[in-house]
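Below is one structure; the comments refer to it alone.
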There are 2 protein chains.
Amino acid sequence: MRSDVKPDRRSRDNARVTITDLSQALSLTKGTVSRALNGYPDISETTRIRVIRAAQAMGYRPLSQAQAIKTGRSCSLGLVIELSEHDAHAPFLAEFLAGLTQAASAEGWTLTIATSESEGDTLRIMRDLILHRKADGFILPRVLWDDPRIAFLDRENAPYICYGRSKNHAETSYFDALSEASMAEAVTWLAQLGHERIAYIGSASHYAYSHLRRDGYRAGLEQEGLVFDPALMIEEVLDPEEAAKATRQVLAMARPPTAILCATDTLARGVYDVAHEMGLKIGSDLSVIGYDGSPEAQAMWPRLATFAVDNRKAGAALGAMLMARVRDLNAPLQQDLIAAEFRPGGSTGRPDKTPEELAHHVIRLSVDRSRND
Amino acid sequence: MRSDVKPDRRSRDNARVTITDLSQALSLTKGTVSRALNGYPDISETTRIRVIRAAQAMGYRPLSQAQAIKTGRSCSLGLVIELSEHDAHAPFLAEFLAGLTQAASAEGWTLTIATSESEGDTLRIMRDLILHRKADGFILPRVLWDDPRIAFLDRENAPYICYGRSKNHAETSYFDALSEASMAEAVTWLAQLGHERIAYIGSASHYAYSHLRRDGYRAGLEQEGLVFDPALMIEEVLDPEEAAKATRQVLAMARPPTAILCATDTLARGVYDVAHEMGLKIGSDLSVIGYDGSPEAQAMWPRLATFAVDNRKAGAALGAMLMARVRDLNAPLQQDLIAAEFRPGGSTGRPDKTPEELAHHVIRLSVDRSRND
DNA sequence: CGCATTGCCGAAACCGGTTTCGGAGTTTCT
DNA sequence: AGAAACTCCGAAACCGGTTTCGGCAATGCG
């Protein structure tokens, strides 16, 4: 009876093939096998091929943890999500993660995720992740115009890739959507429908994209030969409530805008709220365009016209860029841009009133409502 | 000139304190230090305290990668997201991750995330993550009624916690929202407003929660003394489009429902679409209630009444449960339930028509519209 | 008081890899 | 032909931990 050879152990331990298994099968030392696989020059080409063949045949893949303690690299990408603005992350997070993990796992890497409560927290966490080799580098989502993470990681000499273009984007590796072009495109779309007064509701200026989108709006106006009215541009708008306030403000003008362009879909919600509250019909009385292509846009009625960013592709690109950067921190910077796709919706249409008529309409509706109270 | 002692290295290497540093400072061997910290019984209490004190003072924290190669544990939680249904994940993902990572990092653990394209893919990936010690156990989101992941992980003898109650939930550790209670609560809410015919649009029955919510709907009817009409219950509805179809179907009845209860907010979108298309006013002609508390619900007009699940809390609980389970796979099962919070919205109100009147109204509206064409 | 326990720690092997060093065998050059 | 230079691989140290084993000193017991 020799059947009691720990059959329980076998099922799990036998599964992984280690470098020692491989070296024994090849009658080489594990040092040689390691060098062969890692491209050291002091291994003959014939041996190298023999080793690689056997490694594939036996299904050998080094344990990244074991590698990490000597090399310092754990083959994992870091992503720290700042919760204070999680709302801003929610819509695109799933697709984004999909892209990232797809790129990572294609090369046997993994994604390590952490969340933080504040800016300082984020830096602490990133340092900790690097120190404990839970991450070799970082993807920086929602890049700020003047982002402390960039300065920090530069100082720490850690690899990173920005999702977005910061103030100094020329000196960083980044991936970004051409949102300025989208904003200009939106203006063109509205102008061709016949809109002449187009308002812009922009988000907090510490976000890098705010600058770009605002500039895109202005570029679009110029391109279409429309005059820029500073009163129609409201920035530093953080959430739907503030967007609603901004909407009321521009609709109270003597010559209100017949269309409102929003830096994000979330802000557009505020515009819708005011329209519903006032009784304005979106798509005829007032046209609206957002940006992000979020699920929210799908839930609004009429459908919000918006620009859909392929966040999965963005994640995949960022992951690949970061891995390259981890492998060689001195490689030339990588910078890539992608265009967002316009997704029309019922929220835009020909203006059925001039600005002056719209102003009267707004007043009449407000009188009606106060009479009902 | 002794200044060339690699000052660059120091800045990074000095940062981590290893067990060797600690043992030298204490004049002990690293073996002793390790046993002291890991609670071996052959260490005197005085030494143990001395070691723990010094470890804290020097800020020592073991490198989990180094531990992993010997112990097989990497102190990381695994989460595999199935992309084929990423839509279902998107809304609550950010909050959920927040809770998970918060629980994890509180104990120095991390979260490893992967995505998969299919069911078989998921199993492969989980095996791989365990084999390569990227994850010590798994959180299973969106548990299915008969979930292959459970059978698989049982077979692999790997720790896991379910988010949701499967068919055999009595034999698993789980965390879940009491969505059946919420559905009953929704029926009560509607019944007290005066609704007597309440339809139910349910999701795919392979999801564990579908069964619970449907049962909750029926329990609610019974509790309120309302008759159950099978024609008012439509299940296996996957997306807003199908929900729209279901809505048209029930509204075409001779005695249509004056309220529709949806298993998810996303399905409620389909109801809204049909209402808008037909010209029905939500909140008076037709009341709607959803479930999930997603951002979509906030974007609808009037606001969708829904049940908000605290996904952050869920994530935190699941993380803690999984860590406990990894530490001791033989510990008793942990099972916990949480109540979702009802979030009223303008989508419900007293029915201003009887079912018969509503049927006539629907017909009249449809005639009007066809006349306009 | 002597002997068997017990408590407590050091020494060393080990985990699965990487990297340095040195030397045996071949080739090249004079 | 002999020295120098290469090629290529084995041996062994190393990374930062964990775990087994063995032994010394202090204790318990008769």
Side-chain angles (χ1 to χ4, degrees), chain A residues 9 12-52 54-55 58-75 108 130-134 136 327, chain B residues 9 12-52 54-55 58-76 108 131-134 136 327:
Chain A
R9 270 215 158 191
R12 303 202 75 188
D13 286 0
N14 270 16
R16 266 210 80 240
V17 22
T18 71
I19 198 169
T20 308
D21 299 337
L22 184 56
S23 66
Q24 281 171 357
L26 286 164
S27 302
L28 291 172
T29 59
K30 54 178 193 167
T32 304
V33 172
S34 173
R35 280 171 315 196
L37 293 174
N38 291 326
Y40 277 65
D42 61 346
I43 300 289
S44 77
E45 212 47 37
T46 55
T47 326
R48 188 189 311 283
I49 292 177
R50 199 162 70 95
V51 171
I52 292 177
M58 298 179 62
Y60 168 73
R61 272 175 45 201
L63 195 66
S64 67
Q65 335 245 355
Q67 298 187 108
I69 76 177
K70 183 77 190 188
T71 64
R73 265 197 225 148
S74 61
C75 294
I130 286 208
L131 224 55
H132 285 91
R133 309 205 181 131
K134 299 280 198 171
D136 298 328
R327 292 203 179 95
Chain B
R9 272 214 155 193
R12 303 201 76 187
D13 287 358
N14 270 17
R16 266 210 80 242
V17 22
T18 71
I19 198 170
T20 308
D21 300 337
L22 185 56
S23 66
Q24 281 172 356
L26 287 164
S27 302
L28 293 171
T29 60
K30 52 179 197 167
T32 304
V33 171
S34 173
R35 280 173 311 190
L37 293 174
N38 292 326
Y40 277 64
D42 62 345
I43 299 289
S44 76
E45 212 46 40
T46 54
T47 324
R48 188 190 309 283
I49 292 178
R50 202 163 69 94
V51 170
I52 293 178
M58 298 177 63
Y60 169 71
R61 271 176 46 204
L63 194 65
S64 67
Q65 334 246 355
Q67 300 186 106
I69 77 176
K70 182 76 188 181
T71 66
R73 269 199 223 144
S74 62
C75 293
S76 57
L131 223 56
H132 284 90
R133 312 213 175 124
K134 299 281 198 172
D136 298 327
R327 292 203 180 91

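As the structure is a computational prediction, the values presented were derived from the model and not from experiment.
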Taking only side-chain nitrogens and oxygens of [X], does any of them come within less than 4.0 Å of OP1 or OP2 of [N]?
| X | N | answer |
| --- | --- | --- |
| B/Arg61 | D/dG16 | no |
| A/Thr71 | C/dT19 | no |
| A/Gln67 | C/dT18 | yes |
| B/Arg16 | D/dG17 | yes |

Mind checking [X] for me? I need base, sugar-phosphate or nothing, with any heavy atom below 4.0 Å counting as a touch.
| X | value |
| --- | --- |
| A/Ser34 | base |
| B/Thr46 | nothing |
| A/Ser27 | sugar-phosphate |
| A/Thr18 | sugar-phosphate |

Just how far, in rounded Å, is [atom2] of [N] from [atom1] of [X]?
| X | N | atom1 | atom2 | answer |
| --- | --- | --- | --- | --- |
| A/Gln65 | C/dT18 | CD | P | 13 Å |
| B/Leu28 | D/dG17 | CG | C1' | 16 Å |
| B/Arg133 | C/dG17 | CZ | C1' | 12 Å |
| B/Asp21 | D/dG17 | CG | C1' | 13 Å |
| B/Tyr40 | C/dG7 | OH | P | 18 Å |
| B/Leu37 | D/dT19 | CG | P | 12 Å |
| A/Lys134 | D/dG16 | NZ | P | 16 Å |
| B/Asn38 | D/dT20 | CG | P | 12 Å |

Between [options], which one does the side chain of [X] approach most closely?
| X | options | result |
| --- | --- | --- |
| A/Thr32 | D/dG16, C/dT19, D/dG10 | D/dG10 |
| B/Thr47 | C/dT18, D/dG10, C/dC9 | C/dC9 |
| B/Arg35 | D/dC8, C/dG10, C/dC14 | C/dG10 |
| B/Asp42 | D/dG16, C/dC8, C/dT19 | C/dC8 |
| B/Pro62 | D/dG10, C/dC9, D/dG17 | D/dG17 |
| B/Tyr60 | D/dG17, D/dA11, D/dT18 | D/dG17 |
| A/Ile69 | C/dG16, D/dC9, C/dT18 | C/dG16 |
| B/Ile43 | C/dC9, C/dG16, C/dC14 | C/dC9 |
| A/Thr29 | D/dA11, D/dT18, C/dT18 | D/dA11 |

Q. Step by step, would you call B/Ser64 with A/Lys134 a side-chain hydrogen bond (donor to acceptor under 3.5 Å, both in side chains)?
A. CA-CA 9 Å; B/Ser64 67; A/Lys134 299 280 198 171; 3.0 Å; yes
**Q.** Of B/Ser44 and A/Leu63, the one whose closest DNA chain C nucleotide lies more 5'
**A.**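 It is B/Ser44, whose closest nucleotide lies nearer the 5' terminus.
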With heavy-atom distances below 4.5 Å as the criterion, would you say the side chains of [X] and [Y] are in contact?
| X | Y | result |
| --- | --- | --- |
| B/Gln24 | B/Thr20 | yes |
| B/Gln65 | B/Arg133 | no |
| B/Thr47 | B/Leu28 | yes |
| A/Leu37 | A/Tyr60 | yes |

Q | Atom pair SG (B/Cys75) and CG (B/Asp136), whose distance is rounded to the nearest 0.5 Å | A | 6.0 Å
Q | Separation of A/Ile69 CD1 from B/Ile69 CD1 (nearest 0.5 Å) | A | 4.0 Å
Q) Want to settle it: does A/Arg48 or A/Lys30 sit nearer the 5' end of DNA chain D, counting the closest nucleotide to each? A) A/Arg48
